[in-house]
Amino acid sequence: MAKNTSTVTTPFWRDKKIIPILLQLLFAVAVFIAGYYFITNAISGLNQMGMKLGFNFLKNTASFSISESLIEYAPTDTYGRAFLVGLLNTLRVAFCGVILTSIIGVFIGIARLSNNWLMSKLATVYIEVFRNTPLLVQIFIWYFAVFLTLPRIEQAIKVGPIYFSNRGTAIPWYETHASSFLWGILTLIGVVVAVFLYKFLMKKEIETGSRKYPFISSIVSILVILLLAFMITGKGPVNVTSPIVQGRSYVGGFTISETFAAILVALVIYTSTFIAEIVRAGIMGVPKGQVEAAKALGLKNGAALRLVIFPQAIRIIIPPLTSQYLNLIKNSSLAVAVGYQDIVSIGGTIMNQTGRAVEAVFIMVLVYLTFSLLTSLFMNLFNKKFQLVER
Amino acid sequence: MEVRKNYETVAMKPPSSSLGAAGWVKTNLFSNWFNSILTIVASVLIGTLIYKMTGFVLSADWAVISVNFRLLMVGQYPVEELWRIWVGLALLSTLLGASWGIWKGSIGRVAMTIGVLILIMTFVPFITLNTRLLLGMNIALLLGTYFVGQKIPKVKIGVLTLWLLFVPFVITMLNGFGFIPAIRPGLWGGFLLTLLIASVSIVCSFPIGVLLALGRRSKLPVVKWFCIIYIEFIRGIPLITVLFIGQLMLPLFLGNGIEINNVMRAMTGFTLFSAAYLAENIRGGLQSLPRGQFEAAQALGLSQPKMMGFIILPQALRAVIPAMVGQFISIFKDTSLVAIVGLTDLLGMGKKLIANPEFLGKQMEVLLFIALIYFIFCYLMSHVSKRLEVSLGLGKR
Amino acid sequence: MYSLFAVEKLTTPLEERGDIVTVKGLNKWFGDHHVLKNVDVTVKQGEVVVILGPSGSGKSTFIRTLNALEEFQQGSITIDGIDLTNDIKNIEEIRKETGMVFQSFNLFPHMTILKNISLAPIWVRKWKKNKAEQIAKELLERVGIPEQANKYPGQLSGGQQQRVAIARALAMQPKIMLFDEPTSALDPEMVKEVLDVMKTLAESGMTMLVVTHEMGFARQVADRIILFDHGEIVEVGTPEELFDHPKHERTKAFLSQIL
């Protein structure tokens with residue numbers, strides 16, 4: 001039985017090396033056929049409607065108006081510019097949303113952990129109510145049942161300097177004047193000085209072991225520089241303008257449209273429930289033994305929080321937090337339901353006008369995929385930098 | 001505890017300050033000045049909230065709900081064909097009751113919850129006597145089959161098969177498909193449509209999700225990358241764009257030969273969407289399994305498919321049951337998005353009511369009612385999911 | 001010259017030394033559950049006291065109470081002349097005087113070994129960074145792992161981690177060391193390296209309270225052994241008295257289960 005093994009041929013359907021290749025080939029062919037079928041269908045369908053795929057339409061005149069825009073826009077501008085306006089509007093609601101929802105979320109999360117029974121129950125109810133109700137329903141409630149039912153502008157409700165009406169909410173805003181630039185420069189210098197002073201004194205404190213009051217010193221330094229700025233310019237950093245109602249519109253201040261307000265409030269509240277749970281889990285995720293060890297070493301509560309608990313909790317919190325931010329950005333697409341003109345809403349309008357469904361959806365998808373790609377890039381960098389070293 | 005006699009000191013009661021209602025109030029509400037301030041702030045907040053809410057509930061005009069209750073529940077489904085929905089519900093009660101009797105445990109919680117929901121429905125003031133009786137019959141069915149299931153566990157296989165056939169059966173009933181007079185899905189609406197879209201997409205996305213999860217862990221690069229791209233693509237874009245793709249591009253892709261209606265398109269969109277998220281949940285379950293399980297299965301000589309089917313998947317799926325319930329909750333909430341693409345689900349119907357001049361100024365009533373329905377269902381499901389987590393002994397690793 | 005273990009070895013016989021820990025009539029409840037019942041303990045300077053007892057007997061709770069990690073409802077605790085009351089200042093003082101070693105090490109996973117040890121001296125004792133790190137390195141030398149200074153806890157074996165934890169507690173120059181089952185979470189082959197460090201520490205004259213299941217260590221190192229059961233002290237005595245001539249039925253029962 002001294003057969004040379006190399007001459008024994010394994011039948012290819014049993015060969016451990018060949019089967020995977022065959023399987024993949026089969027899979028690839030199946031995917032290809034399906035894709036081919038879909039795409040030929042789509043092209044022939046479009047041909048029947050007399051259209052060709054392509055992005056040339058982006059250069060055509062949009063001829064629809066956009067009520068809110070961060071950049072100059074007129075109906076005579078192109079579809080391309082309209083998309084850009086939409087993108088900026090998405091970014092605007094996302095930016096405000098992320099900041100506000102973080103603040104509220106952290107607050108609710110800490111309240112949930114509070115020793116105070118009433119506070120923690122209140123936070124629990126907040127979380128359960130708002131996370132178990134669909135976001136779109138909440139957006140509708142804020143838009144149709146709250147902001148739209150505010151009185152007409154002639155009878156606007158005034159709370160302090162803020163006006164509420166169904167034309168939107170007007171809040172005091174700032175206007176720059178001649179000395180604002182100087183103020184800005186000096187403030188910047190103040191912050192830089194304060195940060196350096198804090199770091200320097202903190203380092204000294206650690207090295208010499210005697211108290212140097214870094215925090216108080218840095219605050220004082222920034223106050224001194226701001227006082228200096230006030231003495232040089234003789235006025236405040238900016239002029240504050242308060243809104244007033246003139247006829248049927250607001251004058252002065254800054255007007256938040258009711259669509260923007262509705263989508264923002266709903267997004268912030270909805271997302272904050274998830275952030276609260278993440279913050280809670282992060283703080284609870286630091287083992288009890290860590291706190292005990294810090295206490296046993298004689299660290300005070302503040303120092304234990306800063307040196308031991310926070311650095312560990314933040315590692316647990318950041319990854320899910322980033323994905324909540326991404327969710328917020330994706331959910332801001334629901335703005336289309338109340339007519340806030342974000343990228344999806346404007347894309348929808350363009351689809352209806354031009355029939356360019358494939359191209360418009362392609363652009364939306366591209367924008368959101370870029371967002372998520374950037375997010376996961378950030379997450380990978382973060383994990384690489386902060387992951388705890390294990391054996 | 002038999003050595004208790006030897007005790008030199010008898011167990012004493014703790015000093016009163018740490019016990020009793022007064023002690024509890026002190027430690028939980030007024031332990032120091034900051035805590036006391038919090039208590040006062042919270043009390044004022046709660047007081048105002050309750051005052052305002054009772055004020056609204058009492059002064060609001062709820063007629064808009066009672067008049068349109070049927071629309072909100074089943075949309076424009078023809079009244080003379082409503083028996084089909086009742087049959088579906090009766091079947092659900094039967095199956096739940098029997099499963100409760102046979103398996104006890106977690107399914108019992110689901111059954112009880114749904115039983116209580118039906119019971120509450122029975123006491124809603126504005127439904128007809130007939131509806132009340134039918135609802136009562138469902139409760140009777142639930143309890144009856146519970147005892148049957150308990151006494152005769154042999155029906156196990158039958159119940160399992162019926163569960164598998166449940167969703168297809170109900171769809172066939174509702175639609176007709178030629179067996180009985182057809183009712184086009186355009187007439188389906190309200191909460192019925194919400195439930196249908198959610199259940200169909202969860203049921204359909206489950207097998208796709210399993211395949212995608214396995215594919216993503218596959219050693220074959222072509223398969224693996226296809227799955228990764230699909231999953232990450234879907235997870236990277238908002239659901240509304242997926243629905244747009246379903247509504248606008250699906251008909252284009254399928255060509256002229258195949259005609260599918262709005263509801264089907266929405267279901268397809270949800271299925272494709274939810275499959276990607278389910279796949280990630282299941283992958284998490286697969287990753288949580290120790291390597292030893294794979295090695296042990298291979299060492300026993302099980303082939304790859306057998307290993308997956310008998311050893312790995314059952315364990316992985318069990319581990320991700322709570323996550324999948326969570327996924328179901330979020331799909332259930334997300335179904336409200338079909339209101340944007342023009343379907344009249346619960347929220348879409350609400351939107352129509354608001355736009356109706358006859359019900360001008362009743363937005364808050366309508367929307368709060370809708371929110372309440374969603375809340376009750378989502379809250380109960382998440383409660384069940386937490387219970388499942390405990391009873392499966394998960395989350396403690 | 002700075003002495004590493006910061007204690008002077010006393011030559012006077014034990015009974016002539018002063019008390020450093022005095023516990024009188026200590027009672028503690030978890031809700032309705034009475035976990036410590038009328039516990040009276042005094043520890044002399046430089047004495048090594050080992051606390052034995054079945055699990056759930058309250059011995060860990062007792063030692064954690066000494067460091068104010070657990071509250072108590074009745075009785076008094078005095079450590080080095082400081083009363084353990086609700087006064088935060090007293091609690092801080094007592095925690096400076098006592099070092100604690102936990103069953104699960106509780107090293108800070110996000111800091112290097114050196115940072116772990118020098119953290120409290122810098123932030124609590126307000127030492128210069130240089131001095132704190134110098135001492136940290138010397139302590140690492142003493143516990144036998146100087147080469148691990150710049151690694152992270154996750155990179156060390158259990159035995160090494162526990163030795164770092166001992167060094168970390170010693171860096172605060174405590175007068176008393178509390179050990180809460182320091183070897184229970186270790187693999188058998190690592191128990192010895194930790195016990196050896198503890199023996200050296202005992203020989204250098206440190207006052208130690210040790211909760212453990214290591215009978216060999218108890219017999220060899222302890223000046224006195226306290227047996228806990230159901231939250232109360234059953235018997236107190238030298239290792240010989242307790243192991244060889246136990247007086248109490250419950251002591252006998254406990255020893256027969258262990259030995």
Side-chain angles (χ1 to χ4, degrees), chain A residues 20-21 23-25 27-28 31 37-42 44-46 48 111 114-119 121-122 128-129 131-138 140-141 144-146 148-149 326 329-334 336-337 344 347-348 351 357-358 360-361 364-365 368-373 376, chain B residues 24 27-29 31 34-35 38-39 41-43 45-46 219-223 226 232-233 235-241 244-245 248-249 251-257 329 332-337 339-340 347 350-351 354 361 363-368 370-372 374-379 382:
Chain A
I21 297 172
L23 278 177
Q24 297 194 57
L25 217 64
F27 184 81
V31 170
Y37 174 73
F38 288 148
I39 288 168
T40 44
N41 270 339
S44 73
L46 286 173
Q48 272 175 17
S114 163
N115 287 330
N116 188 295
W117 185 83
L118 270 183
M119 265 294 163
K121 278 286 166 284
L122 207 57
E128 291 294 350
V129 166
R131 86 184 296 174
N132 281 319
T133 314
L135 175 59
L136 190 59
V137 174
Q138 294 188 38
F140 275 11
I141 290 181
F144 288 115
V146 177
L148 278 193
T149 54
L326 187 62
I329 297 175
K330 286 193 288 178
N331 283 336
S332 73
S333 61
L334 294 188
V336 64
V344 171
M351 262 191 265
V358 178
V361 169
M364 292 179 215
V365 164
Y368 284 103
L369 281 184
T370 315
F371 285 138
S372 40
L373 214 63
S376 51
Chain B
W24 184 90
T27 46
N28 289 296
L29 297 175
S31 62
F34 179 65
N35 208 343
L38 283 183
T39 305
V41 171
S43 312
L45 213 62
I46 293 170
K219 288 194 193 87
L220 315 176
V222 177
V223 177
F226 176 81
E232 294 307 328
F233 173 77
R235 277 157 44 93
I237 60 178
L239 173 57
I240 187 73
T241 51
F244 278 159
I245 294 175
L248 303 167
M249 289 159 71
L252 213 55
F253 283 146
L254 290 178
N256 295 329
I329 297 174
F332 181 74
K333 285 193 288 180
D334 285 341
T335 50
S336 56
L337 263 68
I340 297 178
L347 185 60
K351 219 176 136 191
I354 293 173
Q363 308 89 317
M364 197 52 122
E365 284 87 344
V366 173
L367 289 172
L368 275 188
I370 291 169
L372 183 72
Y374 275 112
F375 172 76
I376 292 175
F377 270 79
C378 294
Y379 181 76
S382 68

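Keep in mind it's a predicted model, so treat the numbers as computed, not measured. Values below: all heavy atoms of this structure, side chains included; hydrogens, waters and symmetry mates excluded. Naming convention: chains lettered A, B, ... in sequence-line order (proteins, then strands); numbering from 1 in each chain.
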If you count heavy-atom pairs within less than 4.5 Å of chain B, which of [options] leads?
{"options": "A/Leu46, A/Val146, A/Thr133, A/Leu25", "result": "A/Thr133"}
{"options": "A/Asn331, A/Thr40, A/Leu326, A/Val129", "result": "A/Val129"}
{"options": "A/Met364, A/Gln138, A/Lys330, A/Met351", "result": "A/Lys330"}
{"options": "A/Arg131, A/Lys121, A/Gln24, A/Glu128", "result": "A/Gln24"}

Part of [X] within contact of chain B (heavy atom distance under 4.5 Å):
{"X": "A/Leu122", "value": "side chain"}
{"X": "A/Phe27", "value": "side chain"}
{"X": "A/Val361", "value": "side chain"}
{"X": "A/Thr149", "value": "side chain"}
{"X": "A/Ser114", "value": "side chain"}
{"X": "A/Val336", "value": "side chain"}

> Which one, B/Gly236, B/Pro238, B/Ser382, leads in non-hydrogen pairs under 4.5 Å with chain A?
Replying inline: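 When all of B/Gly236, B/Pro238, B/Ser382 are compared, B/Pro238 has the most.
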> Looking at B/Thr241, B/Ile329, B/Ile340, which has the largest count of heavy-atom pairs under 4.5 Å with chain A?
Replying inline: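 Of the options given, most contacts go to B/Ile340.
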Does any non-hydrogen side-chain atom of [Y] lie less than 4.5 Å from one of [X]?
{"X": "B/Phe233", "Y": "A/Val365", "result": "yes"}
{"X": "A/Val137", "Y": "B/Lys333", "result": "no"}
{"X": "B/Val222", "Y": "A/Leu23", "result": "no"}

> In terms of the angle between their ring planes, are A/Phe140 and A/Phe144 parallel, tilted or perpendicular, with boundaries placed at 30° and 60°?
Replying inline: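 Ring orientation of A/Phe140 relative to A/Phe144: perpendicular.
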At a 4.5 Å cut-off on heavy atoms, which part of [X] comes close to chain A: side chain, backbone, both, or neither?
{"X": "B/Leu372", "result": "neither"}
{"X": "B/Ser43", "result": "both"}
{"X": "B/Met249", "result": "side chain"}
{"X": "B/Leu29", "result": "both"}

I need the minimum non-hydrogen distance between [X] and [Y], along with the two atoms involved.
{"X": "B/Ile240", "Y": "B/Leu337", "value": "N-CD2, 4.0 Å"}
{"X": "B/Gln363", "Y": "B/Gly361", "value": "OE1-C, 2.9 Å"}
{"X": "B/Leu347", "Y": "B/Tyr374", "value": "N-OH, 4.4 Å"}

> Who passes side-chain hydrogen bond (donor to acceptor under 3.5 Å, both in side chains) against A/Asn116, sequence neighbours left out?
Replying inline: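 A/Asn116: side-chain hydrogen bond (donor to acceptor under 3.5 Å, both in side chains) contacts with B/Asn35, B/Thr39.
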> Can you name the residues that form a side-chain hydrogen bond (donor to acceptor under 3.5 Å, both in side chains) with A/Ser372, not counting sequence neighbours?
Replying inline: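 For A/Ser372, no residue satisfies side-chain hydrogen bond (donor to acceptor under 3.5 Å, both in side chains) once neighbours in sequence are set aside.
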> Would A/Tyr37 and B/Phe253 count as a close aromatic pair, with their ring centres under 6.0 Å?
Replying inline: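 No - the distance between ring centres of A/Tyr37 and B/Phe253 does not fall below the 6.0 Å cut-off.
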